[in-house]
There are 2 protein chains.
Amino acid sequence: MQGSAQTISPLRIVPRSGLCDACQVRGVAACSALDNNELQRLASIVTEKKYDAGATIFEQGDEPAYIFNLTSGHVRLAKTLANGRRQIIGFVYPGGMLGLATHGAYVCSAEAIGPVKLCRFPRDRLLALLDELPPLKTRLLDIAADELGDAQEQMLLLGRKTPLERVASFLWRQYQEAIRCGQTKPSIDLPMGRTDIADYLGTTIETVSRTFTRLRNDGLIRLEHANKVIILDAQGLEEIAEGL
Amino acid sequence: MQGSAQTISPLRIVPRSGLCDACQVRGVAACSALDNNELQRLASIVTEKKYDAGATIFEQGDEPAYIFNLTSGHVRLAKTLANGRRQIIGFVYPGGMLGLATHGAYVCSAEAIGPVKLCRFPRDRLLALLDELPPLKTRLLDIAADELGDAQEQMLLLGRKTPLERVASFLWRQYQEAIRCGQTKPSIDLPMGRTDIADYLGTTIETVSRTFTRLRNDGLIRLEHANKVIILDAQGLEEIAEGL
DNA sequence: ACCGGGCATTGATTTGAATCAAGCGCGCGT
DNA sequence: ACGCGCGCTTGATTCAAATCAATGCCCGGT
């Protein structure tokens with residue numbers, strides 16, 4: 001499977017690019033912008049890394065030595081205030097990038113929610129490579145612009161939505177993401193716990209829990225168990241999410 | 001002044017690039033990445049636009065036909081919820097970009113706070129030009145990564161800071177920005193009103209007002225008038241902002 | 001199968017910011 | 001110079017979500 005040549009490349013040096021051939025997320029990831037030849041250049045600077053559940057991939061304030069591409073598992077990005085209050089900036093799904101946003105240092109920490117695999121690129125080498133791989137630079141610009149749009153949507157949520165609207169928005173987005181990934185049933189598997197959800201939505205674990213219960217009682221969702229949500233009324237959920 | 005040749009360009013076609021020669025924000029703006037030759041290519045697709053105070057430059061949801069560079073005045077970026085609740089996503093200062101973040105449409109509206117001048121680039125032509133001007137693409141990627149970092153900082157503010165910390169953070173950032181722009185006195189001129197500040201900080205006009213009063217009573221600031229703040233205790237302000 | 005611990009839910013109480021409601025002051029136009 | 005109006009400040013009250021406090025449930029280990 002690794003050696004199977006769907007690609008017809010003349011010299012099969014392939015430093016470790018067998019990885020990319022077998023990559024599960026190649027279609028979604030940043031690499032999707034590249035042809036096989038270009039991909040090999042990228043592959044020449046990549047290292048595959050694994051982390052256990054709960055492990056820290058990098059810390060807010062660290063020198064941003066690497067940029068990552070998540071190939072399997074889920075990651076949370078978090079910022080922490082002096083007194084311990086925590087805000088989750090976002091969740092990363094397979095195919096997503098880590099470490100793009102910086103101000104000279106990582107602006108947030110990245111933690112593995114479950115066991116995680118990712119492709120690690122030395123930042124300086126990746127940035128140097130960008131000048132030789134214009135499609136990749138374009139792709140990264142697109143990704144950054146998209147993430148910026150997502151971030152702005154989250155600001156609206158945090159600044160102006162009620163807890164009910166926040167949870168509904170969260171579920172709605174998870175649902176859309178699941179659909180995008182080929183899910184056909186109206187259900188969501190939540191890889192993260194209530195604490196993470198609360199810290200993402202700028203509220204408390206108790207409020208999140210009560211809100212789930214309320215959505216259940218109102219017939220919008222069913223809770224198969226705490227981490228498996230069945231969407232019963234997608235439109236109703238969206239309307240709540242949009243503040244209608 | 002317009003025709004003054006500091007640059008030695010062979011053919012002086014210069015569609016309207018006299019503009020760039022005289023540009024006040026050339027050092028800070030995205031164009032700073034370009035040499036004079038490259039700048040002319042940019043200048044060939046630019047149109048200068050002016051807007052009155054309160055004017056809408058573009059609307060959330062519009063087709064993102066243009067990307068802008070603010071040359072003078074201040075802009076607010078806002079998103080609005082069905083029932084009228086508004087969240088200000090950010091304020092743009094001279095030299096800043098508008099319209100970078102998109103998801104196929106402008107993700108927020110841009111409104112002139114006071115009278116405003118900006119350079120307008122047709123999006124498709126600018127993006128096409130990026131492939132010929134790699135330094136500009138790099139610069140835009142840098143700008144996007146920076147804005148992403150700012151957005152994440154704002155999420156922390158909206159999700160986890162108290163109103164006091166929010167206002168202190170806001171003033172602190174304004175102060176840093178003023179210093180960056182060459183300001184030497186410890187004072188800030190606020191181009192926006194209390195309503196804009198409240199909508200930016202995810203709180204109400206009354207709370208903002210009370211918090212200004214409290215910071216004044218606690219000796220951290222002095223209010224020369226509503227829009228002119230003197231910083232009396234910069235360190236104290238920063239400590240509050242950081243939640244210490 | 002039983003026990004223990006961590007996570008989620010549910011309930012009671014408190015609290016701080018939103019809302020409601022006046023005043024105040026400054027700038028503008030006449 | 002005067003009065004008008006808008007935007008800011010200040011005060012009183014309400015209310016929703018945070019906090020405090022049990023209780024329940026599921027999973028993993030023995």
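Lettering of chains follows the sequences in order, A, B, ..., and the numbering in each one begins at 1. Values below: every heavy atom of this structure, side chains too, minus hydrogens, waters and symmetry copies. Predicted model, so just to flag it, every value in this text is computed and none were measured.
- Remark: P of dG7(D) and CD of E206(B) are 14 Å apart, rounded to the nearest angstrom.
- Both tests hold for R120(A) against Y66(A): distance to the six-membered ring centre under 6.0 Å, angle to the ring axis within 45°.
- As a whole-Å value, the separation of K228(A) NZ from dC26(D) P is 17 Å.
- Atom CG of N227(A) and atom C1' of dC7(C) are 10 Å apart (whole Å).
- Residue contacts shown for S209(B) include a base, since a base heavy atom lies under 4.0 Å away.
- Atoms CG (D196(A)) and P (dG6(C)) sit 17 Å apart, rounded to a whole Å.
- Between L201(B) atom CG and dA18(C) atom P there is a gap of 11 Å when expressed in whole angstrom units.
- Atom CG in L190(A) sits roughly 10 Å away from atom P in dA8(C) (whole-Å rounding).
- Taking a cutoff of 4.0 Å between a charged side-chain nitrogen and a carboxylate oxygen, E153(A) and K79(B) qualify as a salt bridge.
- Between the CD1 atom of I205(A) and the P atom of dT10(C) there is a distance of 13 Å, given to the nearest Å.
- Of all the residues in residues 211-224 of chain B, T213(B), R216(B) reach under 4.0 Å from DNA chain D with at least one non-hydrogen atom.
- For the OP1/OP2 pair of dG7(D) and a distance below 4.0 Å, the side-chain nitrogens and oxygens of T195(B) include no atom meeting the criterion.
- Between the NZ atom of K185(B) and the CD1 atom of I230(B) there is a distance of 8.0 Å, given to the nearest 0.5 Å.
- Side chain R210(B) to base dG16(C): no donor-acceptor pair is found below 3.5 Å.
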* Audit row: Y200(B), F91(B), ring pair (Phe, Tyr, Trp, His ring centres under 6.0 Å) steps and yes/no -> CA-CA 9 Å; Y200(B) 181 54; F91(B) 297 107; 4.9 Å; yes
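- Between I231(A) and the choices L220(A), L215(A), L237(A), the side chain to side chain contact (heavy atoms under 4.5 Å, CB included) rule is met once, by L237(A).
- Nucleotide dG27(C) holds its P atom 8 Å from the NE2 atom of H225(B), rounded to whole Å.
- Both tests hold for R194(B) against F212(B): distance to the six-membered ring centre under 6.0 Å, angle to the ring axis within 45°.
- The side chain of T203(B) places an N or O atom within less than 4.0 Å of a non-bridging phosphate oxygen (OP1 or OP2) of dA18(C).
- In this structure, P163(B) and R194(A) both approach DNA chain C, and ranking their closest nucleotides by distance from the 5' end singles out R194(A).
- Put simply, T204(A) has a side-chain N or O that comes within less than 4.0 Å of OP1 or OP2 on dA18(D).
- Salt-bridge formation is detected for the pair E165(A)/R85(B): a Lys NZ or Arg NE/NH1/NH2 atom is positioned less than 4.0 Å from an Asp or Glu carboxylate oxygen.
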